[in-house]
**Student:** 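Could you have a look at this structure, given as structure tokens, before my questions?
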Amino acid sequence: MSTNQFNSTPITPELVKEHGLNEEEYKLVLEIMGREPNINELGIFSVMWSEHCSYKSSKKWLKTLPTTADWVIQGPGENAGVIDIGDGQAAIFKMESHNHPSFIEPYQGAATGVGGIMRDVFTMGARPIANLNALRFGAPEHPKTRHLLSGVVEGIGGYGNCMGVPTIGGETNFHASYNGNILVNAMTVGLADTDNIFYSAAAGIGNPVVYVGSKTGRDGIHGATMASAEFDDDSDEKRPTVQVGDPFTEKLLLEACLELMATDMIVAIQDMGAAGLTSSSFEMASKGGVGVELWLDKVPMREEGMTPYELMLSESQERMLMVLKPGCEEAAKAIFDKWELDFAVIGTLTDTKRMVLKWHGELAGDLPIDPLAEASPEYDRPWEVTPKQDRIDPASLSGKVDHIDALKTLIASPDLASRRWIWEQYDHLVMGNTIVRPGGDAGVVRVSGTNKGIAATTDCTPRYVMADPVEGGKQAVAEAYRNLIATGAKPLAITDNMNFGNPERPRIMGQFVGACQGIADACITLDFPVVSGNVSLYNETNGEGIMPTPAIGGVGVISDLAHHATIGLKAGEGALIMIGAATGELGQSLYLKTIEGREEGAPPPVDLNAEKRAGTLVRELIELGAVKTCHDIADGGLLVTVAEMCMAGNIGADVSLPEQGSEAAWLFGEDQGRYVIATSDPDKVLNAAASANVAAVIVGQIGGDAISIEGDAKVSVSDLRDLNEGWMPSFMADAT
Amino acid sequence: MKSAVILFPGINRENDAIAALKQATGTQPTLVWHGETELPNVDIIMVPGGFSYGDYLRCGAMAAKSPIMRAVAERASQGVTILGVCNGFQILTEAGLLPGALMRNASLKFICKNTHLKIETTTTRFTNQYGKGDVVDYPVAHHDGNYFADEDTLNRLEGEGRVVLRYCDANGAVDTETNLNGSQRNIAGIINEAGNVLGMMPHPENAIDPLHGGIDGRGLFKSMVEAVS
């Protein structure tokens with residue numbers, strides 16, 4: 001075959017470079033092809049080997065993460081992870097980033113992120129039942145922050161609300177390191193029957209390859225390649241690479257797919273996400289060990305004059321690729337006709353193990369499948385250990401702000417202020433099963449028609465990971481675990497969304513390696529494996545990287561919703577008990593940053609064995625019905641935790657001080673592995689803790705309408721709430 | 001007691017509606033696809049919430065032209081009890097079964113939260129289980145719930161006792177402070193002249209369960225059941 005018989009575009013070194021392939025990678029392309037590729041084939045190599053699709057910098061380390069447990073049905077490698085939640089049902093979930101597009105075009109970037117992750121979940125046969133999102137923005141004072149926050153929140157709401165899936169939780173951070181690279185990580189949890197889960201491995205030579213959903217347009221071409229490079233000052237010019245979402249079509253696609261999945265017609269199914277038709281067709285063929293012939297002129301097209309190159313690389317949304325059983329085409333098409341969606345047979349499976357692209361009968365490309373999908377480059381990039389920082393000695397605090405004033409400042413700070421402004425723009429009640437709404441430790445939805453609940457949370461404390469990637473990686477997993485426990489759920493598995501800077505810098509690669517190690521350690525000890533995930537690298541602008549942000553999405557199950565816990569204090573509860581030990585860790589704490597103006601020190605270490613003991617104890621107390629109110633101690637420490645419980649329950653509390661040691665370290669230290677619970681029977685809780693070898697101590701009493709410290713220095717709960725609720729609405733009031 | 005729930009493409013609270021109707025009537029409602037031209041013989045018809053046709057063009061505008069809406073209008077004229085919630089309210093106004101229109105919220109943002117509502121009349125077939133002036137708590141979840149009608153229409157609605165629900169605070173105060181979406185005169189729900197069609201933005205079907213959104217919404221469904229039995 002001549003090298004360019006079906007395309008006249010000359011393959012120059014510049015063109016290769018524009019496609020994000022370096023010299024060595026291009027050499028490998030020539031080796032695999034045995035000739036010079038044509039432009040269509042070059043485009044396919046470009047997206048398949050982009051960092052975004054190939055995980056070439058990260059996969060060496062991702063392989064070290066624990067991915068198995070008795071309840072794991074499907075670990076990483078499919079569209080989403082699958083866990084058994086009992087009674088013949090499975091939870092299917094994943095978190096995925098849409099960082100680069102959301103910075104360029106916040107509404108559509110965030111919206112299509114939500115649409116993409118929901119597709120990943122319903123591709124597997126699950127109805128999405130909960131959405132969450134983990135968001136990081138630049139400093140509040142940065143001129144773009146309001147615009148980006150406003151657009152991202154509207155985009156998430158615009159898509160998720162229309163889909164009719166409740167958005168039940170998430171987290172939002174502000175830090176200057178995200179000024180040029182915001183993070184938008186969207187998570188979806190779906191519910192399926194364990195005997196009706198769909199996978200992507202194509203099978204059955206001669207079976208039809210079917211395209212359903214929206215028509216293909218020119219949007220999002222090279223999106224995956226864009227997401228694999230740093231930004232510079234001209235990033236705004238990349239707007240045309242951002243996809244445009246249509247949640248109405250996705251809602252129809254969801255209903256049509258679930259209707260088809262209730263029949264027995266599907267062999268394999270895969271959504272068209274990053275790298276569109278290329279990625280979906282190669283993955284399905286590679287997993288099934290078959291070949292594919294695609295008739296690209298049969299692809300439903302939105303615009304005239306589209307080329308094979310554009311059709312293979314478009315990231316138009318709301319599309320699926322399926323392999324059907326032979327003879328099912330008409331019956332399947334009837335379902336998509338009912339939902340007014342395109343349905344087209346665009347190819348067939350072959351035994352060649354090659355991807356053959358046809359355009360009006362002419363050959364437009366011919367590539368081997370496995371070498372592209374499986375033999376993509378894998379790099380062992382050089383990395384450096386992040387130097388350890390010193391523990392902060394409480395004696396170094398200035399101590400010039402009294403504790404109640406510090407509480408008032410913290411609770412109204414961008415880090416801790418209420419996120420109500422955000423989550424009231426999300427429909428968190430649709431489907432009628434939201435049992436714990438946003439604003440608590442984890443969101444909880446009921447499994448429809450049962451008294452079982454699924455709890456979900458997203459967590460990461462980037463400033464800890466920055467200071468110590470290993471401890472920070474552990475902490476992110478431990479906090480997700482703790483947030484699930486605090487609702488009474490048994491934590492089952494996580495999805496990880498690894499957001500980092502440029503992996504070609506050893507310092508950044510060291511953060512990635514360290515975080516993986518910490519995550520792996522925590523997953524093993526806590527029996528909390530990784531079942532799905534996503535990596536987003538090159539989150540840098542002009543050489544400045546983000547704080548390392550391995551966002552963890554955790555999922556757990558509450559076996560009986562009659563016994564679950566919420567953070568709000570309830571009348572009749574007397575004592576506040578702190579579960580878990582504290583030595584007063586102030587390194588990287590919000591107190592140190594906000595009150596003392598110091599962003600430094602070793603983050604609080606995570607004792608995973610103590611974490612597990614404390615978690616098991618708290619969950620058992622909630623399951624027994626002995627505890628109805630629980631909140632984990634996280635950002636801001638003990639006093640902030642108690643204040644949040646008071647505000648949520650509209651009841652005051654008095655907090656006691658330690659007999660010795662730093663008061664500030666006691667009240668504001670961020671020691672890990674801790675919870676505050678409220679109970680009318682403290683002896684029962686203290687005895688249970690003693691027999692479980694878990695530290696527990698009474699730290700206060702509830703009552704009244706103010707928060708006080710040993711009887712004085714009060715602030716009323718309603719004043720504190722005004723401070724806590726006031727910051728974000730007033731910050732966003734002049735959003736444009 | 002039979003009921004039906006109309007399903008348009010893009011509707012997403014049909015199962016919430018079904019749960020509430022089932023709880024109140026004791027029987028499973030029939031789900032009717034928008035492309036149908038006939039309705040089963042039922043006592044209650046509910047047009048649920050969501051984003052019919054993606055809210056493209058105008059909320060409810062395209063659904064109002066669906067084949068099934070001719071049948072719904074016919075039943076309305078026959079006096080069948082019809083409840084439209086959220087997008088359902090928008091569809092009923094676009095179909096001309098209720099006066100006025102629902103515009104963008106004054107904040108221009110989607111709002112999902114629980115809100116207090118004042119029961120303005122208990123003589124309707126939707127509110128006979130409540131006391132006059134009762135304050136109930138239902139969630140809202142909408143982007144376009146800002147009720148608008150001209151002054152003459154508003155005066156007529158008021159004069160004929162057709163304003164059924166208004167946004168208020170926990171004490172029943174109805175003022176600009178408690179007007180969550182900018183609606184004229186804090187209007188959250190109205191009935192037609194004959195009194196058999198109610199359109200409302202808040203979601204009583206999401207207030208039927210102590211674990212989910214409280215149980216204040218049960219009264220509205222029970223009222224319909226009492227009225228037609």
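Any value given below was found using the heavy atoms of this structure, including those in side chains, with hydrogens, waters and symmetry copies removed. Just so it is clear: chains get the letters A, B, ... in the order the sequence lines come, proteins before strands, and each one is counted from 1.
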**Student:** In sequence, state the C-alpha distance, the side-chain angles, and the governing distance for B/Leu165 and B/Glu120, and then conclude on side chain to side chain contact (heavy atoms under 4.5 Å, CB included).
**Tutor:** CA-CA 6 Å; B/Leu165 299 154; B/Glu120 293 286 9; over 6 Å; no
**Student:** Heavy-atom cut-off 4.5 Å, strictly under: side chain, backbone, both or neither for B/Asn15 against chain A?
**Tutor:**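 No part of B/Asn15 comes within 4.5 Å of chain A.
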**Student:** Under 4.5 Å heavy-atom distance to chain A, tell me which part of B/Tyr53 shows up: side chain, backbone, both or neither.
**Tutor:**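 Backbone plus side chain of B/Tyr53, per the 4.5 Å heavy-atom cut-off to chain A.
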**Student:** Among A/Glu255, A/Arg420, A/Met431, single out the residue with the greatest number of heavy-atom pairs under 4.5 Å to chain B.
**Tutor:** A/Met431
**Student:** Looking at B/Lys109, B/His142, B/His143, B/Lys113, which has the largest count of heavy-atom pairs under 4.5 Å with chain A?
**Tutor:**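 If we count pairs closer than 4.5 Å to chain A, B/Lys109 comes out on top.
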**Student:** Kindly indicate, with the supporting measurements, whether the criterion side chain to side chain contact (heavy atoms under 4.5 Å, CB included) is fulfilled by B/Val85 and B/Glu205.
**Tutor:** CA-CA 9 Å; B/Val85 170; B/Glu205 78 279 22; 3.6 Å; yes
**Student:** Hey, is NZ on A/Lys338 packed in by over 12 heavy atoms from elsewhere, all under 6.0 Å?
**Tutor:** yes
**Student:** Between B/Asn114 and A/Arg437, is there a side-chain donor-acceptor contact under 3.5 Å, judged purely by atom types and distance?
**Tutor:**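 Indeed, the side chains of A/Arg437 and B/Asn114 share at least one donor-acceptor pair under 3.5 Å.
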**Student:** Under 4.5 Å heavy-atom distance to chain A, tell me which part of B/Ile208 shows up: side chain, backbone, both or neither.
**Tutor:** neither
**Student:** If you measure from the Lys or Arg side-chain nitrogens to the Asp or Glu carboxylate oxygens, is any gap between B/Asp209 and A/Arg446 under 4.0 Å?
**Tutor:**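 Between A/Arg446 and B/Asp209 there is a salt bridge, with a charged N closer than 4.0 Å to a carboxylate O.
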**Student:** So which part of A/Leu429 gets closer than 4.5 Å to some heavy atom of chain B, the side chain, the backbone, both or neither?
**Tutor:** both
**Student:** Name the region of A/Glu154, side chain, backbone, both or neither, that has any atom closer than 4.5 Å to a heavy atom of chain B.
**Tutor:**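 It is the side chain, since no backbone atom gets that close.
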**Student:** Looking at A/Arg302 and A/Asp219, does any basic side-chain N land under 4.0 Å from a carboxylate oxygen?
**Tutor:**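 Salt bridge present between A/Arg302 and A/Asp219.
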**Student:** Heavy-atom distances under 4.5 Å only: say whether A/Asp246 touches chain B with side chain, backbone, both or neither.
**Tutor:** both
